[in-house]
Amino acid sequence: MTMQKTTTSEKVATGAAQSKLILVGEHAVVHGQPAIALPFPLIGAESIVEKSRGQIYLDSSLYSGPMELAPSSLAGIVNTVKHTLKILQIPYRDLLIRIRSSIPPGKGLGSSASVAIAIVKSLFKYKEEKYTKEILLQLANICETYAHGAPSGIDPLTITSDRPIWYQKEKPVDYIDPKGNFHFVIADSGQMADTKTAVDTVKQMLKQAPQKMYKKIERIGDITYQVREALEKSSKQLLGYLLDEAQKELEALGVSDKSLNRLIEIAKSEGALGAKLTGGGNGGCIIALAENEHHSQLLSEKLLQYGAHNVWSYELKG
Ligand code: MEV
């Protein structure tokens, strides 16, 4: 649905946010295990707010029109906007919010949290008020509840960080200082991922076979501790092995799919040291560890050649 809106407003405020990658620990983090996530500045979201007479109007690639008529898929964003306006005591009208994003939505790269954070920042700037990290996280988590069902909170935390994070629910965030450089390739399977459904799938599996499934969740937790060591000791071979091990557990939890498994196979057959899904799974993206920068370029080309919809080479610098 698209309705064009033009303004002649002079008052404009913008907010921006990067995206994120989960290196290891997705899903297990919802159930109390630690996870490691990386800020991913190669793609991001921007929100531009301006004064415009009438009801609040959203303009984005997914929907353009009055905010009140936005589709249910945008309920998280709508509610984040409403709560932010309430906190800022801005009336629910006379605003145009333009959202521009280079993060593919529904691909496990934190699109919902990034858009929410960009919007909150832009509304605070519009009101000429300062925001704190706590308020950004609190408001972004409203959106995350719609996108993930029972969010761990890791996405907004990573998006507002400039360092890799170590996160375990209800514990203070810790930061990781990797030693050496790690070259990753992120490849998009082209399949939309629904994180909420994936989180629900794991919940169902836990209900059906609690003992067996909790073992898998705990195993992911163990792997996550070892991944931290591999990053801090600059051990690429070990990191690659651990990413493969994490993928086995994620497959057993029912959150990988054919499109991801295929990309992982291609990455491995082209010499990736390890590869797994990243984010919610069931579509979305994989993350593969390359030997070095040159190898990451080769891997990217191969993954594109064999059908990845998009690839990004990302160097984690120590
Ligand atoms: C999504 O990026 C990560 C999940 O673990 C969900 C969450 O932590 O909210 C799948």
Side-chain angles (χ1 to χ4, degrees), residues 17-40 43-45 76 80 101 103-117 136-161 164-171 173-174 184 186-189 191-206 213-214 216-221 223-224 227 243 246-247 249-257 260 276-287 312 314:
Q18 62 188 344
S19 68
K20 69 91 202 13
L21 300 168
I22 308 267
L23 182 59
V24 68
E26 53 273 269
H27 289 290
V29 69
V30 174
H31 303 279
Q33 295 296 325
I36 297 173
L38 315 174
F40 188 42
I43 46 178
T80 297
S101 176
I103 310 171
K107 298 294 173 66
L109 299 177
S111 162
S112 57
S114 182
V115 168
I117 289 169
L136 281 185
L137 296 175
Q138 189 190 317
L139 289 163
N141 272 320
I142 294 171
C143 186
E144 288 299 271
T145 305
Y146 286 85
H148 294 192
S152 65
I154 194 167
D155 287 14
L157 278 165
T158 315
I159 284 162
T160 52
S161 174
I165 71 163
W166 170 271
Y167 175 64
Q168 197 162 7
K169 254 161 105 178
E170 283 153 30
K171 294 204 176 154
V173 181
D174 195 5
F184 295 105
I186 294 86
D188 179 354
S189 69
Q191 299 297 314
M192 287 289 272
D194 176 0
T195 302
K196 192 169 184 302
T197 309
V199 169
D200 283 348
T201 303
V202 175
K203 228 199 246 167
Q204 286 312 318
M205 300 278 265
L206 279 167
M213 290 303 150
Y214 270 111
K216 306 216 164 289
I217 298 278
E218 277 168 13
R219 168 82 180 123
I220 295 178
I223 294 171
T224 302
V227 166
L243 297 183
Q247 174 61 18
E249 303 305 331
L250 289 163
E251 273 181 49
L253 287 176
V255 291
S256 200
D257 72 355
L260 295 167
K276 61 180 276 294
L277 66 86
T278 179
N282 278 341
C285 294
I286 67 152
I287 182 165
W312 297 269
Y314 177 58

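Quick note: residue numbers are just sequence positions, from 1. Counting starts at 1 for both ligands and their atoms, in listed order.
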- Below 4.0 angstrom from a heavy atom of V29, which ligand 1 atoms are there? Numbered from 1 as shown, please. 5 (O), 8 (O)
- Could you list the atoms of ligand 1 found under 4.0 angstrom from a heavy atom of P151? 9 (O)
- Nearest heavy atom to atom 1 (C) of ligand 1: which of K196, E26, H31, H148 does it belong to? H148
- Message: For a 4.5 angstrom cut-off between non-hydrogen side-chain atoms, does W312 reach L109?
- Response: yes
- Please check if the side chain of K20 supplies one atom and the backbone of T160 the other of a donor-acceptor pair under 3.5 Å. no
- So do H27 and I220 actually touch side chain to side chain, heavy atoms under 4.5 Å? no
- Query: For atom 7 (C) of ligand 1, which protein heavy atom lies nearest, and how many Å away is it?
  - Reply: S152 OG, 3.4 Å
- Note on the structure: Shortest non-hydrogen pair, C285 vs L260, comes out as O-CD2, 3.6 Å
- Message: Minimum heavy-atom separation for S112 and A147, please, with both atom names.
- Response: OG-CB, 3.6 Å
- Subset of ligand 1 atoms that lie under 4.0 Å from at least one heavy atom of V30: 5 (O), 6 (C), 7 (C), 8 (O)
- Query: Say you draw a straight line from CG of L38 to OG1 of T158; how long is it, rounded to the nearest 0.5 Å?
  - Reply: 8.0 Å
- Message: In the structure I gave you, are the side-chain heavy atoms of V115 and I103 within less than 4.5 Å of one another anywhere?
- Response: no
- Message: Check for me whether E144 has a heavy atom closer than 4.0 Å to any atom of ligand 1.
- Response: no
- Message: Any nitrogen or oxygen of H27 lying under 3.5 Å from a nitrogen or oxygen in ligand 1? Just yes or no.
- Response: yes
- Which ligand 1 atoms, with their elements, are less than 4.0 angstrom from a heavy-atom of I154? 8 (O)
- Message: Distance under 4.0 Å to a non-hydrogen atom of K20: what atoms of ligand 1 satisfy this?
- Response: 2 (O)
